[in-house]
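Chain letters run A, B, ... following the sequence lines, proteins first, then strands; residues in each count from 1.
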Amino acid sequence: MAKEVKITLPDNSVKSFKNGVSVGEIALSISEGLLRNSVAGKVDGVLVDLSFQINEDSSVEILTSRSEESHEILLHSTAHLMAQAIKELYPNAKIAIGPSIDNGFYYDIDIDKTFNDESLVVIEAKMKELSKLKLPIDRQEFSRDEALEYFKNIGEDYKVELISELDEDETISAYRQGDFIDLCKGPHLPSTGKIKFFKLLSTSGAYWRGDENNKMLQRIYGTAFFDKKDLKAYLQMLEEAMKRDHRKLGKELDLFSFHQEGPGFPFWHPNGMVLYNQIQEYWSDVHRKNGYKEIKTPIILNEALWHRSGHWDNYKDNMYTTTIDEHQYSVKPMNCPGHLLIYKNTMYSYRDLPLKLAEMGLVHRHEKSGVLSGLFRVRQFTQDDAHIFCTPEKVEQQIVDIINLVFEIYGVFGFEDIHIELSTKPEKKFIGSQEIWDKAESALEEALKKCDIDFQVNPGDGAFYGPKIDFHIKDSLKRSWQLGTIQLDFSMPERFELEYVGEDGSKHQPVMIHRAILGSFERFIGIIIEHFGGDFPLWLAPIQAIVLPISEKYTDYAESVKLKLLQNGIRTTIDNRSEKVGAKIRQAELNKIPVMLIVGEKEESDNAVSVRRRFKGDLGSMDLETYSQKLLIEIENKTRRSSDS
RNA sequence: GCCAUUGUAGCUCAGUUGGCCAGAGCGGCUGAUUUGUAAUCAGCGGGUCGGGGGUUCGAAUCCCUCCAAUGGCUCCA
């Protein structure tokens, strides 16, 4: 073994160190400040502790608290700190798993007491205490047998189960801080003293290994940051999210409601129905312009159809059934079978393809009671569905067209940060030949490349009948939502024996593309309520304008203003209570009405309105007709946040 | 479905260990006021305390059961 190792740093400079040098020592050699800010290292691309010793020539990167990977390490180390605190407070607790997740971490604990908000305070205090002790976090390695023995002795049954599933010859690592030791791959921070800004957020039940047949453990969620400001900003974001919760806003703005009489079945109120209809109108319009033909298929269809489509075998548990004239029927959970029947009703030539059938399809799915959640998860919803039947050669172009349409539609709502995932053939559960899958996957991939967009590949995550592209957007609070999906399907055309007459005069099987862009109207409306925080762009606002007479003397004029706007197609109401303007304005602001039109003596004599816009305040007096036209332009353009006047 | 928590007026919430006809604010209605850019004053209505059963002299409060909601788990648009 060489006495010296050559270390290549990220700037490509090469330095020599004595054999066995640690990552931390390398950091120190650059500067003391770097060591102080360093969290972990990367040796030849592999994450390691600062204490990791290097015995051969390597490239080394020092991770400071600024990198995303460092944050994950912090979260993971905080999970350990929490587990340590829990073990000190409740020695009988057994710890299961505690990983980092997006924006936080959790730890699953088996304990015969129930954690509540108070426990969180107690545990958090203990964690602070342990952090102040600045305990070194040391890595320790075991053979598999040693590890089994050790964790069996300290009674950590879940760890024993995890170890026993590892390979015989694998080296097993664990991390020790004070008296606490946890099985873990690492890496970790060098000391508990580095964990300063954290918060425990919630408790819940969680099955051991996510299997509902296993014991339910208690999970505690928390988050942590290197910087106090970042923690504060994150907690503020959570608070803001709570304020924007679509269930809360749905009540406050009188958009929709839910009732015990129909769990999971939304009731749309007049205000919410405006949102629904506006989106629907836009959707229809943009699809018409893109060559789609809109259809409507029945909600209840004979069970035999669902056997043929494969839904009965794969989806039965989520389907509602009914009996009509002693025959079995099912309420549709998807629209495809109905579309297939329409396709089969006509003989198509290759010249007729692609055939693009769109439906705002009302589907019902029986979801487990515990998963229902506002408009995000319901039992009845409207999919913005479409099925494209085309020749195999046209698939790629069709995908490109759909991708462009997706971007266009998301752009209208201000969703510009779009993340795309390509899911490929599942390992086990799939139908169709490898050749067909390869073709389908490359069609999707080529289309994505043609559009020049980045995407992430999820190997094995495709549907059993074909690969898919999923679209994820980020809302105004940077939260990610999955909306659209494009799925290539070779199985339905086969099961339903679809055909078209090709150029050669013989019959061929078309390819079916299943796609949804908004996903479901219900869910999408829930998302935009939170995205806009209830402050909708003018074209969507349930009430666009409200007329506020200064006193009852001007009620007649106010009514005529309202009538004029209504006739121009602007959704207008009036507040003719016997209140002061201040009170009326306050009420209109609370209702998030974008345009307030104040009328009194001056306005009446000039046939004008005094305009007050939300977020802008008093804009002064304007001619009624002129201003009305101005609003119409803003509505027509679907302007997101008024820039006017 | 599972674990935990919750359910009092249209909305937001008080109601201590079981004890006078169950309260407040906002909203609503009525009257006064006639108002110029985020709350005028006064009065009046409004509740099977989620449903059902039980314990008790007495239950919003304790017990059982069902329903629904919330945070998660599993699942998913």
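OP1 or OP2 of rC73(B) has at least one side-chain nitrogen or oxygen of Tyr221(A) nearer than 4.0 Å.
With hydrogens and angles ignored, a donor-acceptor pair under 3.5 angstrom links the side chain of Ser578(A) to the base of rU33(B). For Gln260(A) and rA68(B), a side-chain-to-base donor-acceptor distance below 3.5 Å is absent, hydrogens and geometry of angles not being considered. Arg586(A) contributes a side-chain N or O that forms a donor-acceptor pair with the base of rA39(B) under 3.5 Å.
Using Watson-Crick or G-U wobble geometry with both donor-acceptor distances under 3.5 Å, rG58(B) finds no partner in any strand shown. Base pairing annotation: rG1(B) forms a Watson-Crick or G-U wobble pair with rC73(B), both donor-acceptor distances under 3.5 Å. Under the Watson-Crick or G-U wobble criterion, with both distances below 3.5 Å, rU35(B) is left unpaired in every strand shown. Using N1 to N3 plus N6-O4 or O6-N4 for Watson-Crick, or N1-O2 and O6-N3 for G-U wobble, each under 3.5 Å, rU6(B) pairs with rA68(B). Within the shown strands, rA24(B) is the pairing partner of rU12(B) under the Watson-Crick or G-U definition, both distances less than 3.5 Å.
In this structure, Ser610(A) reaches the bases: a heavy-atom distance under 4.0 Å links it to at least one base atom across the strands shown. Within the 4.0 angstrom heavy-atom criterion, base atoms lie near Glu603(A). Nucleic acid contact class of Arg247(A) (heavy atoms, under 4.0 Å, all strands): sugar-phosphate only. Nucleic acid contact class of Gly600(A) (heavy atoms, under 4.0 Å, all strands): base. Heavy atoms of Ala583(A) sit under 4.0 angstrom from primed sugar atoms or phosphate atoms, though from no base atom.
Of the candidates rU35(B), rA38(B), rG1(B), rG1(B) carries the atom nearest the Glu212(A) side chain, counting heavy atoms from C-beta on. Closest contact between the side chain of Lys368(A) and the listed nucleotides rU74(B), rA77(B), rU37(B) involves rU74(B).
Formation of a donor-acceptor pair under 3.5 Å by the Asp384(A) side chain with backbone atoms of Gly519(A) is found in this model. In this structure, Lys564(A) contributes its side chain and Ser628(A) its backbone to no donor-acceptor pair below 3.5 Å. The backbone N or O of Gln544(A) sits nowhere less than 3.5 Å from a side-chain atom of Arg571(A) that would complete a donor-acceptor pair.
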